[in-house]
Amino acid sequence: MSIRVFHLLLLSLLMSSALLAADPQLQKGTAGPPESVSAAVKEQVQPTSLKVEVDGKVLGEFWMRKDLPTSEGANEGLGIYFTAIPESTFVGVVQFPESWRDYKGQTIPAGVYTLRYGVEPADGNHMGVSMYRDFLLLIPVADDQDPSSKYTDEQLNSLSAKAAGTNHPAVLALFPVWDEVTEAKLFKNDVDQWTLAVPFGATRLGVVLIGHGEGV
């Protein structure tokens with residue numbers, strides 16, 4: 001093989017790697033939530049979506065709620081960062097056009113899901129999955145039509161397990177957003193995972209989109 005051919009092959013490999021490692025892009029959608037979403041849910045969410053694309057393909061499309069209710073000291077405990085968000089609070093809707101893997105590495109089918117705030121149990125079965133115990137749990141939209149509904153931990157976990165098709169809920173990890181942000185943006189969190197920053201006034205959620213927990 002000539003040196004010239006070798007260099008061309010090497011350049012081709014490097015370019016291919018660069019394309020595969022392309023950073024995700026955030027786009028603002030123009031359409032409202034899918035038809036499968038109830039009227040009550042549509043009332044609570046933004047009319048336009050936050051669309052995350054990787055290599056020109058949509059990874060996920062989010063319709064976040066207009067206002068996030070908070071109550072200081074709503075939940076407390078070691079490893080909980082978002083202590084002002086009551087558990088099971090409705091946060092938004094997501095549509096995944098293709099199957100994907102959640103933060104625990106579970107394969108979640110393509111579909112539309114509601115997002116509700118939950119706290120990972122402080123027991124030996126969940127230690128080390130994330131730096132924080134804050135998560136968004138996914139629920140098939142057909143099973144969660146009323147955003148004002150309140151669920152116990154057991155109910156929330158059971159509903160979310162339907163999304164995963166396992167005994168465990170389907171989850172998106174939440175991380176703090178340390179920077180002041182006034183509109184949604186993508187960034188890398190403390191463990192180098194691509195994260196969507198969504199500001200709700202003083203509360204800024206960091207939703208991990210690309211990355212999995214330790215040991216996954």
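For this chain, numbers begin at 1 and follow the sequence in order.
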Exercise for the section: Side-chain contact test, heavy atoms from C-beta onward, threshold under 4.5 Å: evaluate it for Lys185 versus Asp179 and give yes or no. Expected result: yes

Exercise for the section: Flag the pair Tyr151 / Ser158 as yes when at least one side-chain heavy-atom distance between them is below 4.5 Å, and no otherwise. Expected result: no

Completion exercise
Looking only at heavy atoms, the pair that brings Ala173 and Phe135 closest together is CA-CD2, 3.5 Å

Practice task
Consider only side-chain heavy atoms of I, L, V, M, F, W and Y, link residues closer than 4.5 Å, and tell whether Val93 and Ile108 are in one cluster.
Solution key: no

Completion exercise
One should read off an interatomic distance between Leu174 CG and Tyr103 OH, to the nearest 0.5 angstrom, of 10.5 Å

Identify all side-chain donor-acceptor contacts of residues 68-87 below 3.5 Å with residues at least two apart in sequence or on another chain.
{"from": "Asn75", "atom 1": "ND2", "to": "Ile85", "atom 2": "O", "distance (Å)": "2.5"}

Practice task
Examine distances only and state if a side-chain atom of Thr195 and a backbone atom of Gln193 form a donor-acceptor pair shorter than 3.5 Å.
Solution key: yes

Practice task
Determine, step by step, whether Val191 and Val208 satisfy the side-chain contact (heavy atoms from CB on, under 4.5 Å) criterion, reporting the C-alpha distance in whole Å, the side-chain angles of both residues, the deciding distance to 0.1 Å, and the verdict.
Solution key: CA-CA 10 Å; Val191 289; Val208 179; over 6 Å; no

Completion exercise
Residues at least two apart in sequence or cross-chain that pass side-chain contact (heavy atoms from CB on, under 4.5 Å) with Ala184, listed by chain then number, are Leu26, Leu50, Leu196

Exercise for the section: Please report the shortest heavy-atom distance between Val181 and Pro199, naming the atom on each side. Expected result: O-CB, 3.5 Å

Problem - Close side-chain approach of Ile210 to Val54, heavy-atom, < 4.5 Å - result: yes

Practice task
Could you note down all residue pairs passing salt bridge (charged side-chain N to carboxylate O under 4.0 Å, His left out) where residues 57-68 supplies at least one of them, sequence neighbours left out?
Solution key: Lys57-Glu98

Exercise for the section: Provide the full list of salt bridge (charged side-chain N to carboxylate O under 4.0 Å, His left out) pairs with a residue in residues 192-205, sequence neighbours left out, each pair given once. Expected result: Glu180-Arg204, Lys188-Asp192

Practice task
Answer yes if Trp194 and Val198 sit in the same cluster of Ile, Leu, Val, Met, Phe, Trp and Tyr residues linked by side chain heavy atoms under 4.5 Å apart, and no otherwise.
Solution key: yes

Fill in the blank from the handout: OG1 (Thr114) and CG (Leu138) are apart, to the nearest 0.5 Å, by 7.5 Å

Handout entry: Least distance between heavy atoms, Val37 atom then Lys42 atom
Key = O-CE, 3.3 Å

Fill in the blank from the handout: To the nearest 0.5 Å, atom CH2 of Trp63 lies from atom CG of Leu115 at 11.0 Å

Problem - Hphob cluster co-occupancy, Ile139 + Phe90, side-chain heavy atoms under 4.5 angstrom - result: no

Practice task
First locate atom CG of Leu59, then atom NZ of Lys51, and finally report the distance between them rounded to the nearest 0.5 Å.
Solution key: 12.5 Å

Practice task
Group every Ile, Leu, Val, Met, Phe, Trp and Tyr by side-chain heavy-atom contacts under 4.5 Å, then state whether Met64 and Val45 land in the same group.
Solution key: no

Practice task
Sorted by first residue and then second, give each salt bridge (charged side-chain N to carboxylate O under 4.0 Å, His left out) pair with at least one member in residues 142-152; sequence neighbours left out.
Solution key: Arg116-Asp144, Asp143-Lys162

Practice task
Write down the atom of Thr48, the atom of Gly29, and the distance for their closest heavy-atom approach.
Solution key: CB-O, 3.3 Å

Practice task
Indicate if Leu209 and Val171 have the same hydrophobic cluster label, given that clusters are the connected sets of ILVMFWY residues with side-chain heavy-atom separations under 4.5 angstrom.
Solution key: yes

Problem - Heavy-atom side-chain contact between Val41 and Gln145 under 4.5 Å - result: no

Practice task
Could you pull out the closest heavy-atom pair between Pro176 and Phe187, with the gap in Å?
Solution key: O-CZ, 4.1 Å

Handout entry: Heavy-atom check, side chain of Leu172 versus side chain of Tyr113, under 4.5 Å
Key = no

Practice task
Measure the spacing between NE2 of His168 and CD of Gln106 and express it to the nearest 0.5 Å.
Solution key: 6.5 Å

Practice task
Apply side-chain hydrogen bond (donor to acceptor under 3.5 Å, both in side chains) to Trp178 and list each qualifying residue two or more places apart in sequence or on a separate chain.
Solution key: Asp190

Handout entry: Any donor-acceptor pair under 3.5 Å from Gln25 side chain to Asp23 backbone
Key = yes

Problem - Student check: side-chain heavy atoms of Leu136 and Val94 closer than 4.5 Å - result: no

Problem - Asn157 side chain vs Pro169 backbone, donor-acceptor pair below 3.5 Å - result: no

Handout entry: Which atom of Pro34 lies closest to which atom of Val112, heavy atoms considered
Key = CG-CG2, 3.8 Å

Problem - Point-to-point distance, once rounded to the nearest 0.5 Å, from CZ of Phe175 to CG of Asn189 - result: 4.5 Å

